[in-house]
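Given the structure is predicted, the values throughout are model-derived calculations rather than measurements.
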Amino acid sequence: MRIPSALVVASVAAAATTANAQRVIPVTFSKPTPRLPALHKRAGTYSQELNNNLTGGGYYAQVTVGTPAQTVDLIVDTGSSDVWILDSDADLCQSRSMQAYYGYCLSTYDPSKSSTYSVVSQDSFSIQYVDGSGAQGDYIKDTLSIGGADIDALQMGLAENSTINSGLLGIGFAANVAASTPYPNIMDLFQEQDLIAAQAYSLYLDDLYAETGTILFGGLDTKKFIGELKTVSIQPDRYGNYSSFTVALSSLTTTADNGTVTNYTRTAVAVILDSGTTLTYLPSSTANRIYDAFDAVDDTSGTGLVYISCDYLDDNKDLTFDFQFGGSDGPIVRVPVDEMVLNNVNGYIELGLDVPSLPFDNVCSFGLQPSSDYYLLGDTFLRSAYVVYDLTNKQIGLAQANLNSTESNVVEITEDSGIPDATGVASQVSVTQTATGLPGTGTGTGTGTSGDGQSTVTVTSTSTSGGESAGARAIPAPKWEALAVAAIAGLCGLMGVGLVVL
Ligand SMILES: *[C@@H]1O[C@H](CO)[C@@H](O)[C@H](O)[C@H]1NC(C)=O
Ligand SMILES: *[C@@H]1O[C@H](CO)[C@@H](O)[C@H](O)[C@H]1NC(C)=O
Ligand SMILES: *[C@@H]1O[C@H](CO)[C@@H](O)[C@H](O)[C@H]1NC(C)=O
Ligand SMILES: *[C@@H]1O[C@H](CO)[C@@H](O)[C@H](O)[C@H]1NC(C)=O
Ligand SMILES: *[C@@H]1O[C@H](CO)[C@@H](O)[C@H](O)[C@H]1NC(C)=O
Ligand SMILES: *[C@@H]1O[C@H](CO)[C@@H](O)[C@H](O)[C@H]1NC(C)=O
């Protein structure tokens, strides 16, 4: 562990006091502005701000790579396990036509300007995500600084070819790295270099209208959630290995303004908590029950969207979608209607979307889409949740997020403590995963057979289809009109970016 330099700014000093004598690394996600990284190392937790205003989908952490430090913005992705950055010579960053299609090259790294850069193996880096996007290049090593934590000699992909316009910060299990030769990934090094006590972090995306969220490495912040933080077990893959943040979604209900609860689940489903995905993807059978109840029109095989009347935003302001995990005493996260009913269709129409004829006029899109093979809870869900990812103890802590919270009380997570102050769920429902290695339908102990997930509805790629998912709130309004139609791909939502195709 290195001693922090004298460059301590006021906010850092304040944060360090809060987390005194702990090893927790808070990292805030925010928009890229040139500034010194926070120095929290002695505290043992590292907080990194996350920005959601760079493109339509995704939360970005501004980190630095190399010596001297080069600033890069990386999509924070709990669905994958490799960190990779764009080379300044990458094809995408050199090609106007590629940028017109995939979005502007956000920020790059020039290895020739770093004294701490070394090559691990040439041309061995290759990653492909479920939405068809990907990147290829070399595996390299260099220093990466995030939230004031300096990670030495981190193995990363250096993309020479990419169809994604920024690098990714994959923070999943090392077992899931894309390399044919396994290597210690960023979570391993965080712990090996004694920066944090256990491989754990907490994700707080905050309100849709908030510009920044936070990821806190090594700890959790008790002021950022409401009520009890409850833990559920991470589900192993079919080989018994821990490779993704899969948990059992045991129940999905809605609570109407008048208090009426409607249950849309028949069986537990294995879902991945994936910050690299914009929307939420559930088994078609569950999704269809919800579409019927809400008079929504599924046009995912056409324009790629599910349409719903915007009247729900005005007439059902308190309606929530209630996600429960792990069983009947498991944590519940209530997602407000305006996370699920997205008023973004007019923007798409201006960009050339041809909306089919619909039984309602005031057209919104539904942030819940049907899927036949993998079920993902993306940012539309995650913004309402406070999620603690404990890779060491194979647990996920979940609670309702305390949106717009300005207070902070950071608690360290250790190997022995597990997730502190959290209540375990007594009767845990378990779910199994499908042969793809990605989670499929759950068998849900005692909750019936797996009828879900057999549908043939195709989920099209968000990175290549203009009509795809985008969280309305994630798209900064003033920017919208300035966007060229050609830039849609780079500005729309992400789906499973960072979820590696095995
Ligand atoms: C994004 O938000 C950050 C932090 O609020 C701000 O400094 C930055 O200028 C914004 N960037 C864009 C492109 O709007
Ligand atoms: C990869 O990028 C290089 C330029 O960096 C380009 O010459 C090459 O054609 C690209 N390869 C592929 C397969 O696109
Ligand atoms: C599961 O983990 C074991 C032990 O780490 C490893 O040998 C095996 O290859 C893994 N299986 C798969 C399918 O990844
Ligand atoms: C509550 O509202 C829902 C729809 O908003 C309606 O279907 C239901 O009949 C209402 N129930 C009561 C008891 O008013
Ligand atoms: C919804 O139904 C499922 C399956 O019958 C059940 O396991 C779950 O507990 C129910 N949810 C609620 C909130 O009652
Ligand atoms: C959070 O603050 C934003 C304004 O910054 C506001 O639009 C939003 O409604 C607030 N959310 C909550 C849940 O209070």
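- Of all the heavy atoms in D73 and Q62, the pair that sits closest is OD1-NE2, 3.4 Å.
- Proximity of a side-chain donor or acceptor of S145 to a complementary backbone N or O of G148 within less than 3.5 Å is not detected.
- How far CG of D91 is from CD of Q99: 10.0 Å, rounded to the nearest 0.5 Å.
- Side-chain atoms of Y104 and R96 include no donor-acceptor pair closer than 3.5 Å.
- Ring geometry, F125 versus W84: the interplanar angle falls from 30° to 60°, so the pair is classed tilted.
- Judged by distance alone, with hydrogens and angles left aside, the side-chain atoms of S417 form no donor-acceptor pair with the main-chain N or O of P420 at under 3.5 Å.
- Inter-residue side-chain proximity for Y183 and D82 is flagged as met; some heavy-atom pair is nearer than 4.5 Å.
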Determine whether S80 and L168 satisfy the following criterion, side-chain contact (heavy atoms from CB on, under 4.5 Å), listing intermediate values before the conclusion. CA-CA 9 Å; S80 70; L168 258 85; 4.1 Å; yes

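- Not less than 6.0 angstrom separates the ring centroid of Y204 from the ring centroid of F225.
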Check the pair V119, L158 against side-chain contact (heavy atoms from CB on, under 4.5 Å), reporting the backbone distance first and the verdict last. CA-CA 10 Å; V119 179; L158 177 62; over 6 Å; no

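- Checked against the 6.0 Å centroid criterion, the rings of F190 and Y201 do not qualify as a close aromatic pair.
- Checked by atom type, the side-chain pair T380/T280 shows a donor-acceptor distance below 3.5 Å.
- A donor and an acceptor atom, one from each side chain of T67 and T116, are located under 3.5 Å apart.
- Side-chain N/O atoms of D150 and T143 include no donor and acceptor closer than 3.5 Å.
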Step by step, work out the side-chain contact (heavy atoms from CB on, under 4.5 Å) result for I419 and L229. CA-CA 9 Å; I419 300 173; L229 182 73; 3.6 Å; yes

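- Side chain of Q395 to main chain of V388: no donor-acceptor pair is present (N/O by atom type, distance under 3.5 Å, no hydrogens or angles).
- If you take CG on L74 and CD1 on I146, they are separated by 7.5 Å, rounding to the nearest 0.5 Å.
- Residues K113 and P68 come closest through the heavy atom pair O-CD, 3.6 Å.
- A pairwise comparison of heavy atoms in S384 and V333 identifies O-CG1, 3.6 Å as the closest pair.
- By the side-chain contact (heavy atoms from CB on, under 4.5 Å) test, L189 is found to be paired with I151, L154, P184, E192, Q193, residues two or more places apart in sequence or in another chain being considered.
- M187 and L391 make their closest contact through CG-CD2, 3.9 Å (heavy atoms, listed as atom of the first residue, atom of the second, distance).
- Once rounded to the nearest 0.5 Å, the distance linking OH of Y374 with OH of Y281 reads 8.5 Å.
- F381 has its ring centre less than 6.0 Å from the ring centre of F325.
- Rounded to the nearest 0.5 angstrom, S275 OG and L376 CG are separated by 11.0 Å.
- Heavy-atom minimum distance, V247 versus S233: CG1-O, 4.0 Å.
- With 3.5 Å as the limit, one finds no donor-acceptor pair spanning the side chains of D77 and Y129.
- Using a distance-only test at 3.5 Å, with no hydrogens or angles considered, a donor-acceptor pair links the side chain of T163 to the main chain of G134.
- One distance of note links CD1 of I140 with OG of S124; it measures 11.0 Å at 0.5 Å rounding.
- In this structure, Y60 and S166 have side chains that are in contact, with non-hydrogen atoms separated by less than 4.5 Å.
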Assess whether side-chain contact (heavy atoms from CB on, under 4.5 Å) is satisfied between D338 and N343, documenting all intermediate values. CA-CA 8 Å; D338 68 344; N343 196 352; over 6 Å; no

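- Atom CD1 of I186 and atom CD of Q191 lie 13.5 Å apart (nearest 0.5 Å).
- One side chain, D188 or Q199, offers a donor N or O that lies under 3.5 Å from an acceptor on the other.
- The shortest side-chain heavy-atom distance between L398 and K230 does not fall under the 4.5 Å cut-off.
- Y59 places a side-chain heavy atom less than 4.5 Å from the side chain of D379.
- Looking at T246, its side chain never comes within 3.5 Å of a backbone N or O of A270 through a donor-acceptor pair.
- Put simply, the side chain of L216 reaches to within 4.5 Å of the side chain of V410, judged on heavy atoms.
- Taking 4.5 Å as the limit, every side-chain heavy atom of D152 sits out of range of all side-chain heavy atoms of L144.
- A search for salt bridge (charged side-chain N to carboxylate O under 4.0 Å, His left out) contacts involving D221 returns K224, not counting sequence neighbours.
- When side chains are defined from C-beta on, D87 counts as touching P111, because their heavy atoms get closer than 4.5 Å.
- Taking the six-membered ring where the residue is Trp, the centroids of F245 and Y389 are separated by under 6.0 Å.
- No donor-acceptor pair under 3.5 Å is formed between the side chain of D390 and the backbone N or O of I396.
- Formation of a donor-acceptor pair under 3.5 Å by the N176 side chain with backbone atoms of S244 is not found in this model.
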Is there a side chain to side chain donor-acceptor pair (under 3.5 Å) between S112 and D110 once you walk through the steps? CA-CA 6 Å; S112 70; D110 182 350; 2.7 Å; yes

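- Remark: K394 pairs with no residue by the salt bridge (charged side-chain N to carboxylate O under 4.0 Å, His left out) rule, at least two apart or across chains.
- Proximity of P236 to N241: side-chain heavy atoms (C-beta onward) are nowhere separated by under 4.5 Å.
- The two residues T108 and C93 make their nearest non-hydrogen contact at CG2-SG, 3.5 Å.
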